[in-house]
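Notes follow the structure.
None of the values given here were measured: they were computed from a predicted structure.
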Amino acid sequence: LGATLAQALDSAPEIFPLTHRRLLAAAEKSGRVETALQQLGALAEDVARMRSKVLGGLALPAMIFHFAAFIAPIPAFFRGGSLTSYLVSALGPIAVGWTVILGGAHLLPKLSGRMGDGIISRLPWFSQLWRELDLWWLASGMHLLLNAGVGTIAALRECAGQCRSVALATALREAADVAEMRGQPVSLGIEAAGVLPPDMLAQWKVGERTGSLDRALARVAGDYGQRV
C-alpha cells in the first residue's frame, strides 16, 4: 500500500525488465509517467514487430532445409533402399539441425560475454542482426530515458547494462566514466572507442550540439527498426 508504480512493478521482475522499471521510477520523479507509459507501449509493439519479422525471415530457409532433407535420399531409396533407411537419412539431418539450433539458443546467453561475441562474429547474417538489434536498443533506450528526465551519463550506463555485446557495453560505460570525469560530451568517448557506425555517431553529435539528443536518437531508433 502506498507504493509507487515502479515499486509495485519491482515485485514482478520476471515480467517487467529492470530498464522499464527504472524508466518509470525516473518518470515518476519528473512527472512524465503518462509519456513514459506511452513510449513503453510503443517500444513493446516495436519489439513484437521485429520478432515477427526475424522469425518470418527464418521461415523460408527452414522450409528449404526440410524440403532438401527429404529430397536428397530419394535416389538411394529408388535404387533399392528400404523405407527405414530413407527415413533415417531424411530425418537425421533435421534432428541434428534442430539440436544445434536449440542447443545454441540455450547455451549462447550463458556463455561469457567475449566468448559469445566471438562466436556470433563468425555467423555473418546473425552477427549483423545481433549488432543492429543492439544499436536499435541503445537508441531506443536512450530516447526513453532522456525523455523521462534521466541524465545523459546515467542513461548511457543504464543502456550499456542491457547491451548484448560486451565490447559495446564496455565502450559505453567507459565513455560515460570519461564524460563524467572530464565534463565532456559522451559522444567524444564513444567516437574514440569506434563502436558506433558513422551515421549514428553523426546524429548523436548533432543531438548533443542542439540540445535535442532524445529526438535525434528517436530518429536513429526508427532507422534501425526499419533495417532489422
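In the hydrophobic clustering of this structure, L201 groups with V220; members are Ile, Leu, Val, Met, Phe, Trp, Tyr whose side-chain heavy atoms approach within less than 4.5 Å, directly or through other members. Put simply, I94 and I74 are part of the same group of oily side chains (I, L, V, M, F, W, Y) that touch within less than 4.5 Å, one to the next. Each of V178 and L138 belongs to its own hydrophobic cluster when Ile, Leu, Val, Met, Phe, Trp and Tyr are linked at side-chain heavy-atom distances under 4.5 angstrom.
Taking CZ from R219 and NE2 from H143, the interatomic distance works out to 11.0 Å, rounded to the nearest 0.5 Å. In this structure, L156 CG and D177 CG are separated by 9.5 Å, a value rounded to the nearest 0.5 Å. Here the straight-line distance linking atom CG of D134 with atom OH of Y224 works out to 11.5 Å at 0.5 Å rounding.
Taking every heavy atom of both residues into account, L168 and S165 meet most closely at N-OG, 3.2 Å. Between A169 and A160, the shortest heavy-atom distance links the atoms CB-O, 3.2 Å. When all heavy atoms of L146 and G151 are compared, the closest pair comes out as CD2-C, 4.1 Å. In terms of heavy atoms, A90 sits closest to P93 at O-CD, 3.5 Å. Nearest heavy atom pair, residue L217 against residue M142, reads CD1-CB, 3.3 Å. Counting all heavy atoms, side chain and backbone alike, A216 lies closest to G207 at CB-CA, 3.9 Å.
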Where do D223 and Q203 land on the side-chain contact (heavy atoms from CB on, under 4.5 Å) test, with the steps shown first?
CA-CA 11 Å; D223 291 342; Q203 293 202 53; 3.7 Å; yes
Might you work through the side-chain contact (heavy atoms from CB on, under 4.5 Å) test for E158 and V150, ending with a clear yes or no?
CA-CA 10 Å; E158 178 64 35; V150 179; over 6 Å; no
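Partners of F77 by ring pair (Phe, Tyr, Trp, His ring centres under 6.0 Å), not counting sequence neighbours, listed by chain and number: Y86.
With 3.5 Å as the limit, one finds a donor-acceptor pair spanning the side chains of T210 and S212.
One finds a salt bridge joining R157 and E180 here, because a Lys/Arg side-chain nitrogen approaches an Asp/Glu carboxylate oxygen to under 4.0 Å.
Side chain of T170 to main chain of A167: no donor-acceptor pair is present (N/O by atom type, distance under 3.5 Å, no hydrogens or angles).
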Show me, pair by pair, the donor-acceptor contacts under 3.5 angstrom made by side chains of residues 181-195, not counting sequence neighbours?
residue: S187; atom: OG; partner: E208; partner atom: OE1; Å: 2.4
residue: E191; atom: OE1; partner: K205; partner atom: NZ; Å: 2.8
residue: E191; atom: OE2; partner: K205; partner atom: NZ; Å: 2.9

Could you give the side-chain donor-acceptor pairs of residues 58-71 under 3.5 Å, partners two or more places apart or in another chain?
residue: H66; atom: ND1; partner: A62; partner atom: O; Å: 2.7
residue: H66; atom: NE2; partner: W98; partner atom: NE1; Å: 3.1

